[in-house]
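Take a look at the structure set out below.
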2 protein chains.
Amino acid sequence: MTMTYPPLSRDGAEPLWMQLMRALRAEIESGVRGPDQPLPSEAELSDLFGVSRTVVREALRELVQQRLIYKVKGKGAFVAPRKTELRFVGSMSGSADDLRESGRRVTTQTVRQALGEADEREAALLRIPLGEQVVRLRRLRRVDGQPWLLVDTALPARLVPGLERAILENQSLYDVLRRRYGIEPAAADRWIEAVFPNREDAALLEVSTSTPLLGIESVAWLEDNTRFEAYYALHRSDQTRFYVGIR
Amino acid sequence: MTMTYPPLSRDGAEPLWMQLMRALRAEIESGVRGPDQPLPSEAELSDLFGVSRTVVREALRELVQQRLIYKVKGKGAFVAPRKTELRFVGSMSGSADDLRESGRRVTTQTVRQALGEADEREAALLRIPLGEQVVRLRRLRRVDGQPWLLVDTALPARLVPGLERAILENQSLYDVLRRRYGIEPAAADRWIEAVFPNREDAALLEVSTSTPLLGIESVAWLEDNTRFEAYYALHRSDQTRFYVGIR
DNA sequence: CGGGCCCACTTGTAGTTACAGGTTCGAGTG
DNA sequence: CACTCGAACCTGTAACTACAAGTGGGCCCG
């Protein structure tokens, strides 16, 4: 299997290791090498591409981190099986859609809806400058009349002009984002913790301040890595549980 | 701020970069450097610890990946803001593998390990008849010495003969399942809730019975839909949060 | 006093060498 | 024939050098 590789450019526009990483990734994703098939050794790649082992190792390190390959000391580097790694395939949506399908009556009440300036936490999560305009939403979601979820959402105003005036009652925010702003979520990070609510949140959720709740922080982004939404949700888990599927 | 660092051991038991990474991480997590405060430059660290810049860069790279620091070209490395947000990557595994990679000392203590007959919950989750033999495990996982996770696992004895006698201390259960029984997890469902521990569990986790914990129920299955594992895990979330990446 | 440039310092990239430690496989030995 | 042991090969760790490229402060000049 003697592949012909495009030569690497040494004009300094792009690091050698990145070019090499791309070349190897393209080859792997093309499927030329099956799962668990070995890549050429570092020394061989070094010769093949005319670069130092430093560059080769840097490129392989990146591929390992992307979980496209794995390395075994003393043996070599191998194509990782299951190109779609097992991951949490959670409801990308704010869960409204899923619940609706289950035949329950889901209502969403907007408690607050306003323009504001990003505080430190929002700026960090959304990767925007401190003080940049954001649309803030505080929404209470009920299922069959019972308080379920209290969500504080922040979105960069630049991405969603006019959202501070949109009617969101009983709508899925993700639906609005998709239809009105063409926003297609690509991925998200979420952190889940067990917390107590403060007095105000407890009142809205109709629980005592000593009821343990799920606190869920989330940041979601587009294909191009633009962060478009950050939220913190308080989830009553005394009646139901938060579901995560992994496929 | 002239810190006194413990000297690095050169006996080869642990790579220099990992020792250095640990030393820097301990310092950062102790809080002596505030958020966005600069670390010593690579050259300074090199001198301070008497190692090459190679070792320093390797250690810093690891800390960047753990999101404890960030680097800016031409300026330096800085303590990342956001609290001690220890990373807990959720993939398929029981989290042991992921944590181990982050260079922390993960120990697993088997509190109980026995054969038994499936109760109603286990039978329903595993889709086996009531009373069929199951292997039950109760394991306590510590990270850097601190109790982290208490897991009650049930597996159909038919699928894992002899597991009730296997030595599981400090091993990843998923590793054992894979190597010894050829079990390859294909998917899983998980439900997360916020709960209080009972007295016994609280004692094991070294928290009070009024500390809110994450309760995680999980059932995992093979490609052919055979359920091979059901567990309920209690997760301390006062020190770290449960992370879910959605891609 | 203001502006621009240079220099010192920083991280990033790339090359080199050396050796440690794990894996594989075949030659030689009992 | 089985078994061992070493050679060859692999990745991991560590050292060194060199230069590119970004940052920031201070000095000099107009």
Side-chain angles (χ1 to χ4, degrees), chain A residues 1 5 7-24 28 33 36-80, chain B residues 1 5 7-24 28 33 36-80 100-103 175 179:
Chain A
M1 186 192 305
Y5 296 99
L8 305 183
S9 147
R10 275 177 187 275
D11 59 5
E14 200 182 30
L16 291 174
W17 65 263
M18 195 175 290
Q19 299 177 55
L20 175 54
M21 184 271 285
R22 266 190 238 281
L24 293 173
I28 290 166
R33 289 179 213 282
D36 298 310
Q37 290 296 102
L39 271 68
S41 76
E42 296 180 356
E44 285 167 355
L45 287 171
S46 204
D47 287 348
L48 268 171
F49 286 90
V51 294
S52 72
R53 200 179 147 211
T54 309
V55 171
V56 173
R57 285 181 61 78
E58 198 74 26
L60 293 183
R61 178 204 302 277
E62 193 60 28
L63 292 173
V64 167
Q65 199 176 339
Q66 292 173 27
R67 309 215 179 224
L68 282 166
I69 66 170
Y70 61 92
K71 297 176 82 171
V72 182
K73 184 171 177 179
K75 294 184 71 173
F78 305 84
V79 175
Chain B
M1 182 183 319
Y5 297 98
L8 305 184
S9 145
R10 276 180 187 272
D11 59 5
E14 199 182 31
L16 292 174
W17 65 263
M18 193 174 289
Q19 298 177 54
L20 174 55
M21 184 271 286
R22 264 191 239 279
L24 293 173
I28 290 166
R33 286 179 215 282
D36 298 310
Q37 292 293 0
L39 270 67
S41 76
E42 295 179 356
E44 285 167 353
L45 287 171
S46 202
D47 287 348
L48 266 171
F49 287 89
V51 295
S52 71
R53 203 181 145 209
T54 309
V55 172
V56 173
R57 286 181 61 77
E58 197 74 24
L60 292 183
R61 178 203 304 278
E62 194 58 29
L63 291 173
V64 167
Q65 198 175 340
Q66 292 174 29
R67 308 204 190 234
L68 281 165
I69 66 169
Y70 61 91
K71 297 175 83 171
V72 182
K73 183 171 177 179
K75 293 184 72 174
F78 305 85
V79 174
R100 205 182 308 277
E101 278 169 23
S102 70
D175 266 359
R179 293 194 196 154

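In what follows, chains are A, B, ... by sequence order, proteins preceding strands, each numbered from 1.
For the pair B:Leu39 CG and C:dT10 C1', the interatomic distance rounds to 13 Å; values are reported in whole Å. Straight-line distance from the CG atom of A:Leu60 to the P atom of D:dT11: 8 Å, rounded to whole Å. One can place CG of A:Asp47 at 12 Å from P of C:dG15, the figure rounded to the nearest angstrom. The nearest whole Å value for the distance from the CD atom in A:Glu58 to the P atom in C:dG15 is 12 Å. B:Tyr70 has its OH atom 15 Å from the C1' atom of C:dT10, to the nearest Å. Regarding A:Glu62, its CD atom lies at a distance of 13 Å from the P atom of C:dG12, rounded to whole Å. The separation between B:Lys71 atom NZ and C:dC9 atom P is 19 Å, rounded to whole Å. Taking atom CD of residue A:Gln19 and atom C1' of nucleotide C:dA14, one finds them 13 Å apart after rounding to whole Å.
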_side chain to side chain contact (heavy atoms under 4.5 Å, CB included), that's the test. Do B:Gln19 and B:Ser9 meet it? Break it down for me._
CA-CA 8 Å; B:Gln19 298 177 54; B:Ser9 145; 3.6 Å; yes
*Please assess A:Lys71 against A:Leu63 for the test side chain to side chain contact (heavy atoms under 4.5 Å, CB included), listing each intermediate value before the final yes or no.*
CA-CA 10 Å; A:Lys71 297 176 82 171; A:Leu63 292 173; over 6 Å; no
*Dump the intermediate steps for side chain to side chain contact (heavy atoms under 4.5 Å, CB included) on A:Leu24 and A:Leu60, then the final yes or no.*
CA-CA 9 Å; A:Leu24 293 173; A:Leu60 293 183; 4.0 Å; yes
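Checked against D:dA15, D:dT11, C:dT16, the side chain of A:Ser52 finds its nearest nucleotide in C:dT16. Set against C:dT11, D:dA15, D:dT11, the side chain of B:Arg57 has C:dT11 as its closest nucleotide. For A:Ser41, whose side chain is taken as the heavy atoms from C-beta onward, the closest listed nucleotide among D:dT11, C:dT10, D:dT13 is D:dT11. Residue A:Glu42 has its side chain nearest to D:dG12 when only C:dT10, D:dG12, D:dA14 are considered.
Along DNA chain C, the nucleotide nearest B:Lys75 and the nucleotide nearest A:Met18 are compared for position; the residue whose nucleotide lies closer to the 5' end is B:Lys75. When each of B:Val55 and A:Lys73 is assigned the nucleotide of DNA chain D with its nearest heavy atom, A:Lys73 is the one assigned upstream, toward the 5' end. Of the two residues contacting DNA chain D, namely B:Gly74 and A:Gly76, the nearest-nucleotide position lying further toward the 5' end is that of A:Gly76. Residue whose closest nucleotide on DNA chain C sits further toward the 5' end, between A:Glu14 and B:Pro40: B:Pro40.
Under a 3.5 Å cut-off, the side chain of B:Glu62 and the backbone N or O of B:Met18 do not form any donor-acceptor pair. Between the B:Glu42 side chain and the B:Val56 main chain, no donor and acceptor come within less than 3.5 Å of each other.
At the heavy-atom level, A:Arg61 lies nowhere under 4.0 Å from the strands shown.
Scanning atom types as modelled, one donor and one acceptor separated by under 3.5 angstrom connect the side chain of A:Arg53 and the base of D:dG12. A donor-acceptor contact under 3.5 angstrom links the side-chain atoms of B:Thr54 to the base of D:dA15.
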